[in-house]
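Worksheet for the structure shown next.
Note that this is a predicted model, so its numbers are computed, not measured.
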Amino acid sequence: MAALNLTPSDPSTFILMGIPGLEDSHVLISIPLSMFYIAGLLGNFMVLFVVGKEKSLHKPMYLLLCMLALTDIGTSTSVIPKALCIFWFNLKSITVGGCLTQMFFLHAVSVMHSGVLVTMAFDRYVAICNPLRYTTILTNTRIAKLGLVGLIRAVVFVLPAPLLLSGQPFCANRIIPHMHCDHMAVAKMSCGDITVNRTYSLVIVFVVVVLDLTLIAVSYGLIIKAVFRISHKEAHQKALNTCTAHICVILTSCTTLLFSSLTYEFGQGIAPHVNIILSNLYFLIPHMLNPIIYGAKTKELRDKVVKYICRM
């Protein structure tokens, strides 16, 4: 009966349930959720502010770090504010257009995030394997062009998903047992055949994640090969240290993305509320940890951040 009472009378709306089964704990869950979100925003905006203010940081590596910060902000902001509205104010309804828009921005920014990680791996490859040509190969203008290519790729890959769904007939019971409008969660609300949607979703996940991870692995394979040619131990260590922050970011970002996607697609045996919490790790963990990782591992950035914090 509760599900029937929640069924939207307006055929142009969906109902987002938040975390079904834990409705009584929504306010309690929102406390760490909002804290992680705010901490991530502060960290990423601090990175953007410091790099923007300090001309000495106007280098390819830090421009890529700004792109990473922007995608982190975009990913979490696509999901968390609406989730908090559900948890705090019980505002569960969302228009079909709003749902498809949220889905597009969420997945597009995620694809851009993955592309930035690939570009950062290429940056580290050039820095270690071709250090004398680094400034000529990777200029700020070229980094901007690579960022534009990443944006175009994200739009081209993701735009068909909401377009396919916009032509689908949706059933009367439009209750989405989730915190946000995920592609397959919305597709399952359709009364029509969603074979194309399901296939497209899996293809995009594996093409983006597997292709990008392969490119990153190739870059680091070449880096390791180059590092082992260095005979001096200190130079050896210094070369590896320049990659530490990026490797940590890859591990947190790609692992949580792949884990979240596969959990949602194939986690039918897991309790629904556990499934939803696990599948949303991607929107919180990297968003909060990436500024901390780069702040801790990059001395030049850390020193500038400390300088501004001390001023404040």
According to the disulfide (SG to SG under 2.5 Å) rule, which pairs have a member within residues 279-312, sequence neighbours left out? none
Using the disulfide (SG to SG under 2.5 Å) rule, collect all pairs that involve residues 146-226, keeping only residues at least two apart or in two chains. Cys99-Cys181, Cys171-Cys191
Can a donor-acceptor pair be found, under 3.5 Å and without considering hydrogens, that links the side chain of Ser190 to the backbone of Val186? no
Using a 6.0 Å cut-off, check whether atom NZ of Lys145 has over 12 heavy atoms from anything other than its own residue. no
Atom pair CD1/CZ of Ile309 and Arg302 - distance to nearest 0.5 Å: 12.0 Å
Report the C-alpha separation of His183 and Val158 in whole Å, then their side-chain angles, then the decisive distance to 0.1 Å, and conclude whether the side-chain contact (heavy atoms from CB on, under 4.5 Å) test is met. CA-CA 10 Å; His183 176 235; Val158 175; over 6 Å; no
Charged N-O contact under 4.0 Å between Lys299 and Asp303: yes
Reported CD1-to-CD distance for the pair Ile94 and Gln102, which is rounded to 0.5 angstrom: 5.0 Å
What residues form a ring pair (Phe, Tyr, Trp, His ring centres under 6.0 Å) with His246, not counting sequence neighbours? Tyr220
Please report the C-alpha distance between Arg174 and Ile176 in whole Å, then the side-chain angles of each, then the deciding distance to 0.1 Å, and finally whether the side-chain contact (heavy atoms from CB on, under 4.5 Å) criterion is met. CA-CA 6 Å; Arg174 302 184 177 198; Ile176 300 176; over 6 Å; no
Distance-only donor-acceptor pairs under 3.5 Å for side chains of residues 146-153, two or more places apart:
unit_1: Arg153; atom_1: NH1; unit_2: Asp212; atom_2: OD1; d: 3.0
unit_1: Arg153; atom_1: NH2; unit_2: Val111; atom_2: O; d: 3.2
unit_1: Arg153; atom_1: NH2; unit_2: Asp212; atom_2: OD2; d: 2.9

Minimum heavy-atom distance Pro131-Ala127, with the two atoms named: CB-O, 3.4 Å
Pairwise disulfide (SG to SG under 2.5 Å) hits with a residue in residues 16-69, at least two apart: none
Among residues at least two apart in sequence or on other chains, which ones pass salt bridge (charged side-chain N to carboxylate O under 4.0 Å, His left out) with Lys297? none
Worked verdict on Leu138 versus Met61 for side-chain contact (heavy atoms from CB on, under 4.5 Å): CA-CA 9 Å; Leu138 284 176; Met61 176 183 171; over 6 Å; no
Which heavy atom in Leu165 sits nearest to a heavy atom in Ala187, and how many Å separate them? CD2-CA, 3.6 Å
Single-linkage hydrophobic cluster, 4.5 Å side-chain cutoff, Met189 and Ile86 together: yes
Taking atom CZ of Phe105 as the centre, report whether more than 12 heavy atoms of other residues, nucleotides or ligands fall under 6.0 Å from it. no
Does anything in residues 16-42 form a salt bridge (Lys or Arg N to Asp or Glu O under 4.0 Å)? List the pairs, not counting sequence neighbours. none
Would you find a donor on one side and an acceptor on the other, under 3.5 Å apart, between the side chain of Ser76 and the backbone of Ile73? yes
Under a single-linkage definition using a 4.5 Å side-chain heavy-atom cutoff for Ile, Leu, Val, Met, Phe, Trp and Tyr, are Leu159 and Val109 assigned to the same hydrophobic cluster? no
Note, Ile128 side chain near Cys243 side chain (heavy atom, < 4.5 Å): yes
Output for pair (Ser219 OG, Leu117 CG), nearest 0.5 Å, gives 11.5 Å
Once ring pair (Phe, Tyr, Trp, His ring centres under 6.0 Å) is applied, do any residues pair with Phe87, and if so which ones, sequence neighbours excluded? His26
Decide yes or no for Leu106 and Thr75: does some side-chain heavy atom of the first lie under 4.5 Å from some side-chain heavy atom of the second? yes
With sequence neighbours left out, write down each residue that passes salt bridge (charged side-chain N to carboxylate O under 4.0 Å, His left out) with Lys304, or none if nothing qualifies. Glu54
Which heavy atom in Leu57 sits nearest to a heavy atom in Tyr62, and how many Å separate them? O-CB, 3.1 Å
Is there a path of hydrophobic side-chain contacts, each under 4.5 Å between heavy atoms of I, L, V, M, F, W or Y residues, that connects Ile292 with Val306? no
So, does Thr252 use its side chain to make a donor-acceptor pair with the main chain of Cys248 at under 3.5 Å? yes
Scanning both residues in full, the closest heavy-atom pair of Met17 with Pro177 reads CB-CA, 4.0 Å
Met67 and Ile143: side-chain contact (heavy atoms from CB on, under 4.5 Å), yes or no, with the steps? CA-CA 10 Å; Met67 290 183 192; Ile143 290 296; 3.6 Å; yes
What's the spacing between Asn290 CG and Ile250 CD1 if we round to 0.5 Å? 10.5 Å
For residues 33-52, tabulate all N or O donor-acceptor pairs below 3.5 Å that involve a side-chain atom, not counting sequence neighbours.
unit_1: Ser34; atom_1: OG; unit_2: Ser30; atom_2: O; d: 2.8
unit_1: Ser34; atom_1: OG; unit_2: Ile31; atom_2: O; d: 3.0
unit_1: Tyr37; atom_1: OH; unit_2: Thr77; atom_2: OG1; d: 3.0
unit_1: Asn44; atom_1: ND2; unit_2: Gly40; atom_2: O; d: 2.8
unit_1: Asn44; atom_1: ND2; unit_2: His287; atom_2: O; d: 3.0

With sequence neighbours left out, write down each residue that passes ring pair (Phe, Tyr, Trp, His ring centres under 6.0 Å) with Phe104, or none if nothing qualifies. none
Shortest non-hydrogen pair, Thr71 vs Leu68, comes out as OG1-O, 2.7 Å
Do you know the tightest heavy-atom contact between Ala154 and Met112? CB-CG, 3.4 Å
4.5 Å side-chain heavy-atom contact, Ile19 and Met179: yes
Report whether Leu28 and Phe89 are members of the same hydrophobic cluster (ILVMFWY, side-chain heavy atoms less than 4.5 Å apart, transitive linking). no
Point-to-point distance, once rounded to the nearest 0.5 Å, from CZ of Arg124 to SG of Cys129: 11.0 Å
At what distance, to the nearest 0.5 angstrom, does CG of Asn197 lie from CD of Gln168? 5.0 Å
Can you sort out the partners of Glu300 under salt bridge (charged side-chain N to carboxylate O under 4.0 Å, His left out), two or more places apart, ordered by chain and number? Lys59
If hydrophobic clusters are built from ILVMFWY residues whose side chains come within less than 4.5 Å, do Leu251 and Ile293 share one? yes
